[in-house]
Amino acid sequence: MTRIHPRYGISFFATCNSGSATTIIRPYSSSTSISVKCKSGLNINFENIKCLDDAVTLFHHIVSRQPPPSVLVYCKLLNTILYMKHYSDVISLFREMRKLGIPINDFILNIVVNNYFLMHHADCAYSVLPIYLKNGIPFDVVTFNTLLRGLFAENKVKDAVELFKKLVSVKICEPNEVTYAIVMNGLSKRGHTQKTLSLLRLMKQGNTKPDIYIYNIVIDAFCKDGNLDAAINLLNETKLKGIPPNIVTYSSLIDGFCKLGQWEKVKTFFSEMVNLNIFPNVHTFTMVIDGLCKEGKVEDAEEVMEHMIEKGVEPNVFTYSAIMDGYCLRGQLDRARRIFDFIIDKNIQPNIFSYNILINGYCKEKKMVEAMQLFHELSQKRSKPDIVTYNTILQGLFEVGRIGDAGKFFTEMLSTGAIPNFYTHGILLNGYLKYGLVEEAMSLFNELERTKENIGIISYNIIINGLCKNGKLDKAHAIFEKLTLMGLLPNARTYNTMINGFCLEGLLDEAKDMLRKMEDNGYLPDNVTYNIIVQGFLRCGKISEMATFMKEMAGSGFSFDATTTGFLVNVVRENPSVLDMIPELHLKNKK
DNA sequence: GTAGGGTTAG
């Protein structure tokens, strides 16, 4: 008897003589679009499952069938529901399977483990492991890979590394390339480049040999660290070992050089790649375009985009977003908005990043009406505002002095369930201190110190700066001194902030001491340092000392910024004889 | 299992 089901197709309920599935047809690349055809003719097209109801209905139809359908059908079904993100339903169906005594296998259990991680229930994922044992199902490498991927996704790095070590030492099963890739990627993305490299070296000693995926992870980690020499060494190593580099390898290197602004090297590697018949794709071109835009060379970026189109590579939403950001950084909001509207016309949907870029552009230009309008537009969309959107608007409100609205906005943000991150707290601290709300800032700061969450050198720099600006130099200095005791290293900005703090109080000797400390700790004074000190001299009317300092500054290739120039103009206006004390200024002045 | 984008400090 054959019944016709509107969704599942004609033969879905056809009588099935054997439970075993014999053919898997993959019509499309998506994991959900798979047909399972049984010997008997039971034919389920999973692509026709459009919603949870469809899947559950199908489940209840197949559980009652005799003879029972293959376990593969249940695998596909659970995976389909998992793909729809109905995680709790995967679990309840799995429980129902167990209750009905439906046989399970390693695939089913791996899906359940993966599902628990997607639900952010690492503990439950672990609780599946005994089910393997009870049912005599051996752990396979996929089980461990799923566990490891889940642990990294949950940011449980220690647990993941421990599990991996156990896997290697106890030899429960042999880790494969994917296992190494998961662990190495998890470590490299958290800044542990050396540990990632160690694993590559460890692999060489074992049975699992590194392939290009593995090399790419390490090469990319070095590129992200700006250590291009190390990355190139590894590139040469792949060539020597006869592992051909691919487009990902070259894209990582090109991105690394773009971020360092080494455009000649970018060209060199572009040619090398093309000579090897590896052609740049939309990722590669977008990296170059982004690098150019970040340097303010949007016109050059547009040219690269024309070039890629000529080569048959279509720009995508990433590419256009990079160009939008370039225009926003130059304050050319109209151009950015054109691009935004243009891509909509081209049927390319702007994503959360495109929105955030444009919202940030408006905020930086203090156009909060437009920014809020986009925010509300985004709220209606499927890709809701994320933490970056909230941070951007929050910063914008503080920037224009709407402190009350910033507070309300923050509360509103919390009510949507958004979780404040490192940036959020930095923005709040800076916002409070900018408007003299020292108590609010300190109470938040103390809370952050207590929980040790979302706190780092940047938070300390913000607090030190804010305290200095609010006339609390002593307190700022005490926090600065505390840093080293806590094992948190001050960076160049920390020193500049302290130097500025001393200069603001006219304590130039202390400022100079701090400058020396800065140099002792390996930070050369930069343009900001020099400008801070010059402003300090000017504030105290110490013109001749400033003149000496200026000569040193000019010799090191530094120059006055807008604030210092403004200071100087005021000083000269009040006391023109200053000009006679500094002959170099005459030249500058005439210019 | 590998590559591209957005938010904080001097």
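The analysis underlying the following values was restricted to heavy atoms, covering all of them including side chains, and did not include hydrogens, waters or symmetry mates. Proteins come first, then strands; the chains are lettered A, B, ... in the order of their sequence lines, and each starts at number 1. None of these values were measured; they are calculated from a predicted model.
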Q. Between B:dG1, B:dT2, B:dA9, which nucleotide gets closest to the side-chain atoms of A:Asn430?
A. B:dA9
Q. What is the nucleic acid contact for A:Asn145, judged by heavy atoms within less than 4.0 Å: base, sugar-phosphate only, or nothing?
A. nothing
Q: Pick base, sugar-phosphate or nothing for A:Phe422, based on heavy-atom distances below 4.0 Å to the nucleic acid.
A: base
Q. Got a sec, which residues hit side chain to side chain contact (heavy atoms under 4.5 Å, CB included) with A:Phe353, two or more places apart in sequence or on another chain?
A. A:Asn351
Q: Round to a whole Å and report the spacing from CG of A:Leu253 to C1' of B:dT2.
A: 13 Å
Q) Can you check whether A:Asn185 has a side-chain N or O nearer than 4.0 Å to OP1 or OP2 of B:dT2? A) yes
Q: Pick base, sugar-phosphate or nothing for A:Leu394, based on heavy-atom distances below 4.0 Å to the nucleic acid.
A: nothing
Q. If you check the A:Phe318 side chain, which of B:dA9, B:dT2, B:dG4 turns out closest?
A. B:dG4
Q: Let me know which of A:Tyr215, A:Tyr213, A:Phe164 forms a ring pair (Phe, Tyr, Trp, His ring centres under 6.0 Å) with A:Tyr180.
A: A:Phe164
Q. Across the strands shown, which category fits A:Asn527 at heavy-atom distances under 4.0 angstrom: base, sugar-phosphate, nothing?
A. nothing
Q. The side chain of A:Val388 lies closest to which of these nucleotides: B:dA3, B:dT7, B:dT8?
A. B:dT7
Q: Flag the pair A:Tyr390 / A:Phe375 as yes when their ring centroid distance falls below 6.0 Å, and as no otherwise.
A: yes
Q) Which is true for A:Asn281 with a 4.0 Å heavy-atom rule: it touches a base, it touches only sugar-phosphate, or it touches nothing? A) base
Q | Contacts of A:Phe422 that satisfy ring-ring contact (aromatic ring centres under 6.0 Å, His included) - sequence neighbours left out | A | none
Q: Please check the phosphate of B:dA3 (OP1 and OP2 only) for any side-chain N or O of A:Lys189 closer than 4.0 Å.
A: yes
Q) When all nucleic acid strands are considered with a 4.0 Å heavy-atom cut-off, which category describes A:Val288: base, sugar-phosphate, or nothing? A) nothing
Q. Base, sugar-phosphate, or nothing: which does A:Ile393 touch, judged by heavy atoms less than 4.0 Å apart?
A. nothing
Q: State whether the distance check finds a donor on one side and an acceptor on the other, under 3.5 Å, for side chain A:Asn216 versus base B:dG1.
A: no
Q) Under 4.5 Å between any side-chain heavy atoms of A:Ile212 and A:Pro244, yes or no? A) no
(Q) Over all strands shown, is A:Ser321 touching base, sugar-phosphate only, or nothing at heavy-atom distances under 4.0 angstrom? (A) nothing
Q.
Within the 4.0 Å heavy-atom criterion, would you say A:Ile458 contacts the bases, only the backbone, or no part of the nucleic acid?
A. base
Q: Select base, sugar-phosphate, or nothing to describe what A:Lys434 touches, counting heavy atoms under 4.0 Å on all strands.
A: nothing
Q.
By a 5.5 angstrom centroid cut-off and a 30 degree plane limit, is there stacking between A:Tyr423 and B:dT8?
A. no
Q. Of the nucleotides B:dA3, B:dA9, B:dG1, which has the atom closest to the A:Ile462 side chain?
A. B:dA9
(Q) Nearest whole Å is fine: how far is B:dA3 C1' from A:Ile219 CD1? (A) 11 Å
Q: Could you tell me the separation between the CE atom of A:Met184 and the C1' atom of B:dA3, rounded to a whole number of Å?
A: 15 Å
Q. Hey, does A:Asn176 reach any base, or is it just sugar-phosphate, or nothing, if we go heavy atoms under 4.0 Å?
A. nothing
